[in-house]
Every structure is written in C-alpha cells, then in structure tokens.
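Quantities reported herein were computed from a predicted structural model and do not represent experimental measurements.
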Amino acid sequence: MFTLTRRAVVLLISLQPIAAAALDPIASMASSTPGTSSPASVIAHRGASALRPEHTLAAYAKAIEDGADAIEPDLVSTRDGVLVARHENEISGTTDVADHLEFAARKASRAIDGETITGWFTEDFTLAELKTLRARERLPQLRSTHYDGQFEIATLDEIIDLAARESATRGRLIGLVPEIKHPSYFAGLGLAMEDKLLAALDAHEFTRRAPVTLQSFETANLRALRHTLGQNHPNIRLLQLLGDSAEQPFDAVLAQQGTTYGDLMEPAGLRRIAGYADAIGVPVKNLELRGDAGSPRSTLVEAAHTAGLKVVAYTFRPENHFLGASFKGDGEAAARNEAGSIGEMRACLAAGIDALFTDDPALGRRAVDGEP
C-alpha cells in the first residue's frame, strides 16, 4: 500500500494535525529508480492469508502484527447492500455454507464476467445470514486448516474499525487497499459498490485521513471514481489492476472494445491509465525481469515510471507451488520456502517496484527491510 514504511517518520494517531505527506500515500514512497534499495510498501494480500483464512479480521490483525503497511479487503455486496470482504462473491470455497441445510436451495449458477459459476453467492444473502457462516481455508491442499470454522465474514466497517484501533495502538497509520470486485456485474444487479465504498470511507474519521488506495480490474469505474473524488480526497489514490496480457477488462468486453491488459501494459496504454489512476498492479510474471540476479530490470516497470505511474506487483506467496522457477526450493509443492519467497521479492524490489502484495507480510517486511 502507498503508505509510510518503518523507515518513515512515525505518525501519532491522535487529534494532532496530520502532515501533508501523510495524506499522500504515493508521495511517501521512495525513489522509483531501478537497482536501488529504496523502501517499498508491504500490502497484506487478503490479510496474512498464508497463515489465517483469508479476508477475516484474524488475518488482517495478524498481517498488521507482522508489519504490513496496509491491508487489502476484496469487496463484494450482500443482498441488503452491505460491503463484505470475500475474494469472490461465490463463497463455497471459503466458507462452510455448503454445510448449512437451511441455505441448500440457494445454490445456483451465475454468469460472472463471462464465466458460468455454480455455488452460493453473497448477493443472495443478507448480512445477518452471512454472519451465521464461518470461514475456511481456500487452499487446504497447501495451507493449514487449523483455523477453519473460527471466524466470521467481515464487513468493510469492521475492517476500518480494526485498522483504526491498530493504528492508534501501534502509533503508525495502517493503510487500506480495497478492491472493488466484479463492478459491472454488481451494478447490473442494482448493487453497485463504488458510492457505498466512498460513503463508508467518508463516514469514518480514520479513513478521512489514513492512506487509502482503491483498485479494480475494470477501467470505467476507476475513471468515474477519479471524477467523483476530484481534489477533495487527498488521502485516496487509484490503482488499475492488470491481468494476463491476453485477457480483457470485463467492462471493455461489455462495450465490445478490443482492449486487452497487454495493450494497457504498452507505453500508450500506460499513458492512458496515468490519466485517471496513480498506479498499476501487475502479476509478478509480467514484470519479465532481465539481467543477472544482482541488477534485475523490468521494461514494464521502467515504462510505467516514465508514464508517471507507481508499480505494485502481485502476488508473492511462500509455498514452492507459487514461486518462480529460479526461486523454488526442495520439497513438495506445499512446502514453505521462506528464503525463496524473500529472494523473489527482493529481485522485484531491485527492479524498481514501489509496493508488493504478499500473503505473508512478515516475509515481505523482511524483504523490504533487508532482514535475513
């Protein structure tokens, strides 16, 4: 997240005036010069999701304890219009909904961004009903299921309250990086999330001053948010997420446009993004690092910086299964490879990324801070 790192001046969370730099999470980042050891920001991807069931208050609390600069809630809507944190609106893989006989009849098939998915969907449940469910580990074949059944689905308001409490306790601002999931789909249901998200941020004293970055894989909603935000929210930045090169933003699909994420990664596409967003979020593989291990470079990072955009890489995970070929270790796919994960992050940091999404913020903290 674009927020202060441990090397930055500690901010007291109090009624004292907040310095202008603290309101600008991107300005607080260090130099974007490739090959330097400038501190980057550590964003907890769905919380400390390598260690706790993702998007739970426990996962976010663990991430903050482990040194994350910011936490990332993916947002979807309930039937009654409440924003909750789930990676997808289909929840059979991350909750025990299938065990609840009272909800058996709600199993359905839906077309989500052009793909037919069968399961249970948040938009078919009220918040009160979702609160009867309990979270489960999404990747049981790779990660511990010890915490299954212990935690509720968290609302955006609960996450903001947690970040505010932890910021006050720890004397440093914890940033928020909400992702608006499937915006065209939810808008089509009459459950658009953008205005509700801005209203929630405006309603909390903490999120009127803490660093916030709003992100989306679609483009139209970010353009609209840029217009809505104007100059009145100096603590809020926008991040354009980019997927695989051959894929398209779904709003482009709906508009029958041919634009792909690969097009947006070209210099002309990056300049277009810079007209409404402050940063791009890119898959690690799309950085396409070149050069030896001591001085990696990335054409994409360089082009983005030339366009005036910060670069956030996603997602760094500690298991062998997810690591790049050069960083995998011995053992099975599920084996934790902390040295390999830190090495992969440091290679990307050396290439000039400004922030990173990681499932294990403690390792991200070590990578950024230069700890062994």
Side-chain angles (χ1 to χ4, degrees), residues 1-3 5 25 40-76 84-88 93-94 135-139 142-144 147 151 153-154 156 159 162-163 166 174-181 211-217 237 239-244 279-287 310-324 327 336-338 340-342 344-346 348-349 353-368:
M1 172 60 190
F2 312 130
T3 183
T5 66
S41 297
V42 177
I43 306 171
H45 185 245
R46 312 178 198 175
S49 52
L51 305 171
R52 302 288 188 276
E54 65 186 31
H55 288 311
T56 59
L57 292 179
Y60 297 127
K62 178 62 174 171
I64 295 168
E65 176 187 340
D66 287 348
D69 295 306
I71 54 178
E72 184 220 21
D74 292 338
L75 299 178
V76 295
V84 296
R86 290 287 90 189
H87 178 56
E88 293 293 342
T94 59
R136 286 181 171 175
E137 171 55 51
R138 185 177 63 89
L139 300 171
L142 297 175
R143 294 173 176 171
S144 172
Y147 294 98
F151 309 123
I153 291 178
L156 173 61
I159 295 165
L162 172 69
E166 289 290 333
I174 308 299
L176 291 174
V177 191
E179 180 186 342
I180 303 166
K181 302 292 294 189
V212 176
T213 296
L214 308 181
Q215 50 173 340
S216 174
F217 276 102
R237 292 294 181 266
L239 186 155
Q240 177 66 67
L241 290 167
L242 303 174
D244 289 342
I280 56 171
V282 297
V284 173
K285 65 180 180 181
N286 285 101
L287 296 179
K310 299 294 185 180
V311 180
V312 187
Y314 71 88
T315 301
F316 295 96
R317 297 179 165 112
E319 295 88 4
N320 270 331
H321 174 77
F322 298 109
L323 293 172
F327 301 98
R336 277 179 62 88
N337 181 358
E338 295 188 2
S341 184
I342 291 172
E344 186 174 49
M345 285 186 276
R346 285 182 176 162
C348 295
L349 289 165
I353 65 169
D354 303 286
L356 56 87
F357 284 102
T358 174
D359 285 7
D360 195 329
L363 299 184
R365 187 80 271 152
R366 288 166 59 186
V368 168

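Counting all heavy atoms, side chain and backbone alike, Ala40 lies closest to Asp69 at O-OD2, 4.1 Å. For Ala85 against Tyr60, the heavy-atom pair with the smallest separation is CB-OH, 3.6 Å. Closest non-hydrogen pair, Val177 versus Pro73, comes out as O-CD, 3.6 Å. Counting all heavy atoms, side chain and backbone alike, Val284 lies closest to Thr315 at CG2-N, 4.0 Å. The nearest pair of heavy atoms linking Leu162 to Ala61 is CD2-N, 3.9 Å. Among all heavy-atom pairs drawn from Leu356 and Gly364, the shortest one is CD1-CA, 4.4 Å.
Arg336 meets the side chain to side chain donor-acceptor pair (under 3.5 Å) test with Glu338, Asp360; sequence neighbours excluded. Taking the side chain to side chain donor-acceptor pair (under 3.5 Å) definition, one finds that Glu166 meets it with Arg170, sequence neighbours left out. Arg46 pairs by the side-chain contact (heavy atoms from CB on, under 4.5 Å) definition with Ser49, Glu54, His55, Glu72, Asp74, His87, Arg138, Arg317, not counting sequence neighbours. For Asn337, the side-chain contact (heavy atoms from CB on, under 4.5 Å) partners are Asn320, Leu323, Ala339, not counting sequence neighbours. With sequence neighbours excluded, no residue forms a salt bridge (charged side-chain N to carboxylate O under 4.0 Å, His left out) with Arg52. Judged as a side chain to side chain donor-acceptor pair (under 3.5 Å), and not counting sequence neighbours, Thr56 has no contacts.
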Tell me, with the steps shown, if Phe357 and Gln215 meet side chain to side chain contact (heavy atoms under 4.5 Å, CB included). CA-CA 13 Å; Phe357 284 102; Gln215 50 173 340; 3.6 Å; yes
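Residues Ile71 and Leu176 meet the side-chain proximity criterion, which asks for heavy atoms closer than 4.5 Å. In this structure, the side chains of Leu57 and Ile159 come closer than 4.5 Å at one or more pairs of heavy atoms. Arg143 has its side chain out of reach of Pro53: every pair of non-hydrogen atoms, C-beta onward, lies at least 4.5 Å apart. Contact check for Asp66 versus Val42: no side-chain heavy atoms found under the 4.5 Å cut-off. Considering only heavy atoms from C-beta on, Leu242 stays 4.5 Å or farther from Asn286 through its side chain. Between Leu142 and Phe322 there is a side-chain heavy-atom pair separated by less than 4.5 Å.
Atoms NE2 and CG, from His45 and Asp359 in turn, are 6.0 Å apart once rounded to the nearest 0.5 Å. Thr358 contributes atom OG1, which lies 9.5 Å from atom CD1 of Ile342 (distance to the nearest 0.5 angstrom). With values rounded to the nearest 0.5 angstrom, Ile353 atom CD1 is found 4.5 Å from Phe316 atom CZ.
Looking only at distances, no side-chain donor or acceptor of Glu179 sits under 3.5 Å from a matching main-chain atom of Leu214. Asp354 places no side-chain N or O within donor-acceptor distance of the main-chain N or O of Val312, the cut-off being under 3.5 Å.
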